[in-house]
There are 2 protein chains.
Amino acid sequence: MGASCIIRHFEFYSPLTDQDKKLLDSLEKAPRCVVKNESVWQEGASTDHFYTVRKGWMYAYRNMEDGTRQVLDIFVPGDIVGLREFAFRKRISGLTALTDAEICPFPKKRMLDVFSQSLLLCHIFFMIASRDQSILLERLVNLGRRSAKAKLAHFLVEISRRLEKTNVDIGNHYRIPLSQGLLADALGLSAVHVNRTFQELKEEGLVNPRHGGIELLDLEGLKAVAGFDPSYLEEDVHGLLAEARARHIAT
Amino acid sequence: MGASCIIRHFEFYSPLTDQDKKLLDSLEKAPRCVVKNESVWQEGASTDHFYTVRKGWMYAYRNMEDGTRQVLDIFVPGDIVGLREFAFRKRISGLTALTDAEICPFPKKRMLDVFSQSLLLCHIFFMIASRDQSILLERLVNLGRRSAKAKLAHFLVEISRRLEKTNVDIGNHYRIPLSQGLLADALGLSAVHVNRTFQELKEEGLVNPRHGGIELLDLEGLKAVAGFDPSYLEEDVHGLLAEARARHIAT
DNA sequence: TCGGCGGCATGACATAAGTTAAGAAACAAA
DNA sequence: TTTGTTTCTTAACTTATGTCATGCCGCCGA
């Protein structure tokens with residue numbers, strides 16, 4: 001295949017013109033491979049690039065003074081990482097690979113070219129930023145006002161949803177490579193309590209925790225215990241981009 | 001004065017050309033007044049507009065099934081609200097006025113005009129989105145990995161920082177019109193515990209809780225108990241926008 | 001001026017989640 | 001294989017925070 005990473009992702013939102021594709025393709029640099037647990041950047045590093053995830057999983061985190069840490073987000077193939085720090089000179093969170101992975105760098109400075117040359121791409125970038133915020137907002141709700149059990153279930157359902165939506169083929173969707181310790185740091189819990197909670201979910205036949213990963217057995221059941229409402233993941237892709245596309249092509 | 005709401009805000013980021021100002025001004029509708037506790041929109045409402053806050057305070061929230069709620073963000077004069085839902089047809093959170101307020105609507109559809117006509121404005125919008133995400137990220141850390149006391153202190157310091165940064169004159173910065181119940185919903189705590197925690201902060205001379213509001217007495221002290229690191233609020237305004245401005249004017 | 005109500009204050013008690021510790025699996029490397 | 005490392009599991013115990021209940025204060029509207 002060899003198709004550009006970011007083009008594939010963007011085509012999920014809207015068909016692109018050849019010109020758009022050429023533009024994106026010219027800006028994307030050669031893919032970079034990272035191995036499991038390799039750090040891509042650390043807090044304080046320069047923000048000169050962002051990346052699209054082509055293969056594998058990544059996570060963003062923040063280390064706290066007291067030695068504890070907060071995992072801020074998990075990224076799956078097709079996601080864009082680092083766009084968040086667009087406005088900043090330095091990274092405010094670290095990024096490391098959860099599994100062996102392949103990522104495609106994209107120089108931040110070239111965003112100017114994109115914005116000035118393609119109204120459609122500009123719009124798509126904006127949609128992605130909006131979607132990212134929506135996910136963060138839901139994570140806030142999760143941390144603030146749900147029980148440990150609901151937190152876990154909700155998080156797992158979200159991840160599985162995001163996997164389904166990606167344009168990238170990742171094989172079996174339901175084997176999630178997150179350790180209980182990482183989940184704990186993502187959900188603001190202790191690893192021990194995550195384990196306890198998993199035992200409950202396991203008894204109810206909802207999940208099957210394995211070494212270094214989780215198998216989701218009953219998505220509907222998980223949604224029920226999470227009180228999962230998917231609307232925060234359902235962008236208005238077509239309505240919003242139709243006009244942008246029309247005007248863009250007319251130019 | 002009567003200067004446009006959004007222009008004033010944008011000029012915080014960069015000087016604008018007359019053309020940019022004209023563009024923004026033509027898109028902004030007449031300001032709308034809302035009284036304390038008035039709802040601007042509810043979950044599920046249409047996302048056809050976003051707003052700039054000219055006067056007063058607002059908050060975004062999400063009501064949970066079990067009757068509890070999560071306050072997602074507080075907005076102060078100069079902030080833009082509703083941009084988050086750019087990619088969505090329906091609002092995923094409610095917005096209501098915390099005090100009497102004045103907000104300026106801006107039709108979402110006209111974003112196309114902005115993006116196509118001004119590279120600089122497009123960039124500024126992107127910066128704002130990035131900054132918003134940064135704030136959400138920090139709030140995640142706050143909810144996930146800090147004690148009640150640190151949560152409170154951190155939140156208060158953030159608000160005071162954001163107040164200082166705004167271009168809008170709001171009189172005394174340090175009288176914050178948040179009730180303890182609202183703070184509780186913002187921080188994922190119970191109102192009772194927020195009260196207990198306030199007693200501690202009060203004993204230490206850091207704050208002075210009054211009816212329906214809080215006075216910050218010792219910002220440095222609050223920063224210390226919060227472990228506050230301001231970098232997540234410090235955008236690279238000038239570096240990033242300089243080139244956009246240069247190219248924009250050259251056109 | 002008064003009454004009512006939303007917000008504050010505080011105590012007693014309940015509980016979800018954290019901590020510590022120790023052993024068992026699973027994996028990775030030699 | 002053997003060894004070492006990470007992750008999971010479980011138990012006993014501690015603690016931060018939630019819940020319930022009650023009274024008070026200070027606004028705002030009649």
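Values below: all heavy atoms of this structure, side chains included; hydrogens, waters and symmetry mates excluded. In what follows, chains are A, B, ... by sequence order, proteins preceding strands, each numbered from 1.
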Quiz item: Among all residues two or more places apart in sequence or in another chain, which pass the side-chain contact (heavy atoms from CB on, under 4.5 Å) test with A:K29?
Solution: A:H49, A:P105, A:P107
Quiz item: Under the ring-ring contact (aromatic ring centres under 6.0 Å, His included) rule, what pairs show up with a residue in residues 75-107 of chain A, not counting sequence neighbours?
Solution: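 Only A:F50-A:F106, A:F86-B:H123, A:F86-B:F126 qualify under ring-ring contact (aromatic ring centres under 6.0 Å, His included).
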Quiz item: Taking the side chain of A:H193 as its heavy atoms from C-beta onward, which of C:dA9, C:dA17, D:dT9 lies nearest to it?
Solution: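 Side chain of A:H193 sits closest to C:dA17.
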Quiz prompt | Contacts of B:F155 that satisfy ring pair (Phe, Tyr, Trp, His ring centres under 6.0 Å) - sequence neighbours left out | solution =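 Listed in chain order: nothing, the list is empty.
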Exercise. Under the salt bridge (charged side-chain N to carboxylate O under 4.0 Å, His left out) rule, collect the residues that match up with B:R139, sequence neighbours excluded.
Key: B:D73, B:E158
Quiz item: Does CD in B:E204 sit with more than 12 non-hydrogen atoms of other residues, nucleotides or ligands closer than 6.0 Å?
Solution: yes
Practice problem: Please say whether more than 12 non-hydrogen atoms of neighbouring residues, nucleotides or ligands are located less than 6.0 Å from CZ in A:R32. | Solution: yes
Quiz item: Which nucleotides of nucleotides 21-30 of chain C have their base under 4.0 Å from a protein heavy atom (B), which only their sugar-phosphate (S), and which neither (-), written as one string 5' to 3'?
Solution: -----SS---
Exercise. Send over the distance from A:Q199 CD to D:dC8 C1', rounded to a whole Å.
Key: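 About 9 Å, once rounded to whole Å.
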Quiz item: Can you tell me if the side-chain N/O atoms of A:Q180 get under 4.0 Å from OP1 or OP2 in D:dT6?
Solution: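 Looking at the OP1 and OP2 atoms of D:dT6, neither is under 4.0 Å from any side-chain N or O of A:Q180.
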Quiz item: Can you tell me if the side-chain N/O atoms of B:N195 get under 4.0 Å from OP1 or OP2 in C:dC8?
Solution: no
Quiz item: Regarding A:Q70 and A:R62, is there a side-chain donor-to-acceptor distance under 3.5 Å anywhere?
Solution: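 Distance-only check fails for A:Q70 and A:R62.
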Quiz item: Do B:R91 and B:T47 have a side chain donor and acceptor closer than 3.5 Å?
Solution: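 Not at all, the side chains of B:R91 and B:T47 share no donor-acceptor pair under 3.5 Å.
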Practice problem: Return the angle between end axes of the helix from C:dT1-D:dA30 to C:dA30-D:dT1, with five pairs used per end and rounding to 10°. | Solution: 60°
Quiz prompt | Touch class at under 4.0 angstrom, heavy-atom based, for B:S190 against every strand present | solution = base
